[in-house]
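Note sheet for the following structure.
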Amino acid sequence: MTRNLLEDFEARGLIHNSTDRAALNDALESGSVSLYHGIDPTADSLHIGSFIGVLAMRRFQDHGHRPIALVGGSTGMVGDPGGRSDERNLLDEDTLARNVAGIKNQLARFLDFDGTSENAARLVNNFDWTGDVPVLDFLRDVGKHITVNQMMAKDSVKSRLESENGISFTEFSYMLLQAFDYWWLHENMSATLQIGGSDQWGNITAGTELIRKRSGGSAHALTWPLLVRSDGAKFGKSQAGNIWLDAERTLPYEFHQYFLRVPDDDVERMLLQLTLLAVDDVLEIAAAHHAAPEQRLGQQRLADEVTALVHGAQAVEQANLAAAAMFGNADLNVEMVESLRGIIPETTINNADYDTEQNAVSLLVACGLCKSNSDARRKLGENQIAVNRVKRQDTDLKRSDLLGERYLLIQMGKKNRHLIIVDG
RNA sequence: GGGUCGGUGCCCGAGUGGCCAAAGGGAACGGGCUGUAAACCCGUCGGCAUUGCCUUCGGAGGUUCAAAUCCUCCUCGGCCCA
């Protein structure tokens, strides 16, 4: 079955709301559209929560449209009041510049920025056009067109008004800045569509309204539902925090594991929204998964696909290899352990330091698995720790415990592990 | 500026002179059960140390044999008034 772009989005559950759907469809089918999507530069890496938006841009580009990724240098300094109960910390300019650079780097893996192609993606920073706007101009040209009533109607603003910490004028003004961005991109880069998560709807339509009132132009809005997990956990968060796209922040193995553990109910939707697999293929996989959920075919495919997109095919191979070493039945051998190098966290210690008393405790603390000696002893006592896949309670590790005379694979439960390498 | 209520462990939140390292809940970690799932049950959850000691309840002082709890000053926040 062939679907046009909007139908494809629909089938993937990527449409939450849009302005005039028929008009938008006409525009998308009749030529190349410039569309923009804003990304918050709160860190120097994207996380999986923003991935859905990145892929959305990719889908548009694949259909011949031109994505404009806006990294919010200015808006990052102000902060969107959405999704938080208290005031956000403002980023300074240096941090922002670093974050913007890091994000651009990552986007290049998913979008074609090649200037020679017709619909090359663009990266813009709204600081470039908002940084020097005089306050009076802004109030007159932007503020005049948007009513406070409209701004107060926004859910995120409303809830913050009722919260005990209140909301600063700065964050309250966020909507104006975003509206201004859309207007500017509409004027200067012919953007006629803005896409974003459903929490952005108010901000986006403020922009379409500004465009209409100030320039008499028309522009579209399209939002997707925010991705939440069926178990209520915040999507993209693990016990360690965000799932980052950056391999340094979230090792590819952990990244892969995260998707391997996704609840059944989320598998199909994530396959649709976080991979580039064709909708019909996903439906087939989902059906197979549903027939035998205990085999976790869906999770496996999801983990492989997303990891391949973000980290490449080789990372997928390594992650699966590592999983075999960690969870498999085969005896642990040196080759398996060596295959874990670079995939799981590792700590190297000096040969001479190995034979200390109670070295299990100090090793657990040194590698970060335990936060203090007490913690390490406690966990050992509770049978939480396995060394080279064997549960251990004693604190004494001997030379003979070293695999290949230099490796210790320390596991704490199913999720935490660390490789100790004795050097020399 | 005036008044008032409040700042407790990762978060929420009890505690209002000793029985407090501090209830309860959440989060987190582990175990059991499972499908490396969910739900559920159990354990742990300041630090050091082989049952004792040390440091915590916004900050600094003070009262007391003894303070998270009382007093003083400072600081930060909510609400009301101006």
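Proteins come first, then strands; the chains are lettered A, B, ... in the order of their sequence lines, and each starts at number 1. FYI, side chains are in, hydrogens and waters are out, and symmetry mates aren't considered; it's all heavy atoms of this structure.
- Checking G31(B), U36(B), U44(B) against every side-chain atom of F327(A), the shortest atom distance belongs to U36(B).
- A pairwise comparison of heavy atoms in H65(A) and L28(A) identifies CE1-O, 3.1 Å as the closest pair.
- Without hydrogens or angle criteria, R417(A) side chain to K415(A) main chain gives a donor-acceptor distance under 3.5 Å.
- Where D375(A) and Q384(A) each meet RNA chain B at their nearest nucleotide, the meeting point lying more 5' is that of Q384(A).
- Contact between the side-chain N/O atoms of N383(A) and the OP1/OP2 oxygens of U44(B) is not found at any separation under 4.0 Å.
- Taking the C1' atoms as reference points, G62(B) lies 15 Å from G17(B), given to the whole Å.
- Comparing C42(B) with G59(B), their P atoms are spaced 36 Å from each other, to the whole Å.
- Atom CZ of F259(A) is separated from atom P of G35(B) by 24 Å (rounded to the nearest Å).
- Side-chain N or O atoms of N333(A) include one that pairs as donor or acceptor with a backbone N or O of M336(A) at under 3.5 Å.
- Within the nucleic acid shown, S372(A) comes within 4.0 Å of sugar-phosphate atoms alone, with no base atom in reach, counting heavy atoms only.
- Ranking U44(B), G30(B), A37(B) by closeness to the R261(A) side chain, first place goes to A37(B).
- Ring geometry, Y36(A) versus Y182(A): the interplanar angle exceeds 60°, so the pair is classed perpendicular (tilted spans 30 to 60°).
- When distances run from any side-chain atom of Q257(A) to the nucleotides C48(B), G43(B), U36(B), the shortest one goes to U36(B).
- Donor-acceptor pairing under 3.5 Å, judged by distance alone, is absent between the side chain of K371(A) and the base of U44(B).
- Between the side chain of R378(A) and the base of U44(B) there is no donor-acceptor pair of N/O atoms closer than 3.5 Å.
- Ion pair R301(A)/D304(A) not flagged as a salt bridge, since none of the NZ, NE, NH1 or NH2 atoms sits closer than 4.0 Å to an Asp/Glu carboxylate oxygen.
- Note on R377(A): every side-chain N or O is 4.0 Å or more away from OP1 and OP2 of U44(B).
- Of the possible polar contacts, none joining the E346(A) side chain to the R341(A) backbone as a donor-acceptor pair under 3.5 Å is found.
- The side chain of K414(A) places an N or O atom within less than 4.0 Å of a non-bridging phosphate oxygen (OP1 or OP2) of A37(B).
- Heavy-atom nearest nucleotides on RNA chain B were determined for A324(A) and for G413(A), and the one closer to the 5' end corresponds to G413(A).
- Between E254(A) and R249(A), none of the side-chain N atoms (NZ, or NE/NH1/NH2) sits under 4.0 Å from a carboxylate O, so this pair counts as no salt bridge.
- Listed in residue order, the members of residues 281-297 of chain A having a heavy atom less than 4.0 Å from RNA chain B are P293(A), E294(A), R296(A).
- Distance CE (M326(A)) to C1' (U36(B)): 11 Å, rounded to an integer number of Å.
- Nucleotides U64(B) and C12(B) are separated by 36 Å at their P atoms, to the nearest Å.
- The shortest heavy-atom contact between I146(A) and A206(A) is CD1-O, 4.0 Å.
- The same atom, C1', is picked in U55(B) and in G9(B); the two are 13 Å apart, to the nearest Å.
- Across the C1' atoms, G25(B) and A14(B) are found 11 Å apart, a figure rounded to whole Å.
- M412(A) comes within 4.0 angstrom of the backbone, heavy atoms only, and of no base.
- Taking 4.0 angstrom as the limit, N373(A) places none of its side-chain polar atoms (N or O) nearer than this to OP1 or OP2 of G47(B).
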